[in-house]
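Scroll down for the structure; my scribbles are underneath it.
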Protein chains: 2
Amino acid sequence: MSKKSAPAAAALAALADPTRRQLFERLRSGPRAVGELARGVTVSRPAVSQHLAVLKAAGLVRDTATGTRRVYEIDPKGLAAIRAWLDDMWGGALQNFAADLDKDPAGKEN
Amino acid sequence: MSKKSAPAAAALAALADPTRRQLFERLRSGPRAVGELARGVTVSRPAVSQHLAVLKAAGLVRDTATGTRRVYEIDPKGLAAIRAWLDDMWGGALQNFAADLDKDPAGKEN
DNA sequence: ACCAACGGTCAGCTGTGGCTTACAGTAAGC
DNA sequence: GCTTACTGTAAGCCACAGCTGACCGTTGGT
């Protein structure tokens, strides 16, 4: 249960791209078809397809075929992976700060 | 309270790189000097310096000069930015699922 | 004062990620 | 059955991220 970093890696890499984040954030308001998603972005439709494929591989979105339309929605798996990794990091960071405050109670360096 | 995405973008992009994540994770166990960090990685020392600069710009780490040594430690600012963005995403995802379950009470799709 | 160590910066190369255009496939409507 | 709409895939191009080797400034030791 210590190797949750693997899926988190893909999710982080996927969300590093601005266009991908934009698509992902737009899915917050509900499932959307590819064409509809492509209409709100500056890049072409194929580019959107590729981005969605990356997001899907990272477990961040999930697709459902409906006729010729392909509807994408958020998959919590990827988000959960990031959250788990983040919580793990928080533990280390806090531990680090505990030692820091112990040595330097002022703590004004920034 | 809606534009916390900006700092999160830099933090996500910074943590997308595997080497950078490795360095960051190593800092979990406490502050380390550049040379020490470089010794545990396969890349050269200049590369480590550049990676640390990126992490610092993203608010993920903080440096302290001590003699000729430069000690890096985790800065919670970047982590907090990601967490805020993530929480924002969770809201949308859960809302999405509520509607999903409303339409499909079975909820076995995965 | 000299020397050694540590680390940031520069110049340049290379691999790869993201974009586009063109094409192929499938489902719906008439 | 034919046409139209919607999407994924292939090939290719270009820009940028990441790496290296060399250099420079600074600090500490003797």
Side-chain angles (χ1 to χ4, degrees), chain A residues 6-27 30-75 78 82 109, chain B residues 7-27 30-75 78 82:
Chain A
L12 284 170
L15 290 174
D17 183 76
T19 305
R20 232 133 48 194
R21 257 200 322 275
Q22 189 176 350
L23 291 172
F24 186 73
E25 293 183 8
R26 179 173 295 202
L27 286 177
R32 307 256 179 185
V34 178
E36 193 174 358
L37 285 170
R39 212 152 286 139
V41 206
T42 66
V43 298
S44 69
R45 210 179 294 107
V48 172
S49 265
Q50 294 167 357
H51 280 308
L52 288 172
V54 173
L55 289 171
K56 181 182 175 183
L60 286 161
V61 301
R62 175 169 41 179
D63 62 328
T64 309
T66 309
T68 95
R69 300 227 167 130
R70 198 159 262 255
V71 179
Y72 281 83
E73 60 181 346
I74 290 186
D75 186 347
I82 297 185
E109 72 279 34
Chain B
L12 283 170
L15 291 174
D17 184 76
T19 305
R20 231 134 48 193
R21 259 201 320 276
Q22 190 176 349
L23 291 172
F24 186 72
E25 292 182 9
R26 178 172 296 201
L27 286 177
R32 306 259 179 185
V34 177
E36 193 174 357
L37 285 169
R39 212 153 286 139
V41 201
T42 65
V43 298
S44 68
R45 211 179 295 107
V48 174
S49 266
Q50 295 166 359
H51 281 309
L52 288 172
V54 173
L55 288 171
K56 181 181 176 184
L60 285 161
V61 300
R62 175 168 40 180
D63 61 329
T64 309
T66 308
T68 95
R69 301 226 166 133
R70 196 160 264 252
V71 179
Y72 281 82
E73 61 182 344
I74 290 187
D75 186 347
I82 296 185

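Residue numbers begin at 1 in each chain, while the letters A, B, ... track the order of the sequences.
To the nearest angstrom, P of dG29(D) lies 11 Å from CZ of Arg69(B). With rounding to whole Å, Leu52(B) atom CG is found 10 Å from dG7(C) atom C1'. In this structure, Gln22(A) atom CD and dG18(C) atom C1' are separated by 15 Å, rounded to whole Å. Distance CZ (Arg70(A)) to C1' (dA27(C)): 12 Å, rounded to an integer number of Å. In this structure, CZ of Arg45(A) is placed 18 Å from C1' of dG18(C), rounded to the nearest angstrom. Spacing between atom CG of Asp63(B) and atom P of dG8(C) amounts to 8 Å, rounded to whole angstrom units. dC6(D) atom C1' lies 13 Å from atom CG of Leu37(A), rounded to whole Å. Rounding to whole angstrom units, CG of residue Leu15(B) and P of dG18(D) are separated by 12 Å.
Not one side-chain nitrogen or oxygen of Tyr72(B) sits closer than 4.0 Å to the OP1 or OP2 atom of dC6(C). When the side-chain nitrogen and oxygen atoms of Ser44(B) are compared with OP1 and OP2 of dT20(D), one or more of them lie within a distance under 4.0 Å.
Judged purely by atom type and a 3.5 angstrom limit, Arg20(A) has no side-chain atom pairing as donor or acceptor with the backbone of Val54(A). Looking only at distances, a side-chain donor or acceptor of Arg21(A) sits under 3.5 Å from a matching main-chain atom of Leu15(A).
When distances run from any side-chain atom of His51(A) to the nucleotides dG28(D), dT9(C), dG18(C), the shortest one goes to dG18(C). The side chain of Val34(A) approaches dG8(D) more closely than any other nucleotide in the set dG7(C), dG8(D), dT9(C). Taking the side chain of Ser49(B) as heavy atoms from C-beta on, and the options dT7(D), dG18(D), dG8(C), the nearest nucleotide is dG8(C). Of the candidate nucleotides dC19(C), dG18(C), dG18(D), dC19(C) has the atom lying nearest to any side-chain atom of Gln50(A). Residue Thr19(A) has its side chain nearest to dC19(C) when only dC19(C), dG7(C), dG8(D) are considered. Closest to the side chain of Asp17(B), out of dG7(C), dG18(D), dT21(C), is dG18(D). Distances from the side chain of Ala47(B) to the nucleotides dC19(C), dG7(C), dT20(D) place dT20(D) closest. Side-chain proximity of Thr68(A) to the nucleotides dA28(C), dT9(C), dG28(D) is greatest for dA28(C).
Here the rule is side-chain contact (heavy atoms from CB on, under 4.5 Å) with Leu60(B), and of Leu55(B), Ile74(B), Leu23(B) only Leu55(B) fits it.
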| Residue pair Leu52(A), Leu37(A): steps toward the side-chain contact (heavy atoms from CB on, under 4.5 Å) verdict | CA-CA 10 Å; Leu52(A) 288 172; Leu37(A) 285 170; 4.2 Å; yes

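When the nearest nucleotides of DNA chain C are assigned to Glu36(B) and Ala16(A) by heavy-atom distance, the more 5′-ward of the two goes with Glu36(B).
Interatomic distance, CD of Glu36(B) versus CZ of Arg26(B), reported as 8.0 Å (0.5 Å rounding).
Residue Ala38(B) is classed as having no contact, given no heavy-atom separation below 4.0 Å to the nucleic acid. Across all strands, Ala53(A) comes closer than 4.0 Å to no nucleic acid atom at all (heavy-atom distances).
Counting non-hydrogen atoms of neighbouring residues, nucleotides and ligands closer than 6.0 angstrom, the CZ atom of Arg32(B) exceeds 12 such neighbours.
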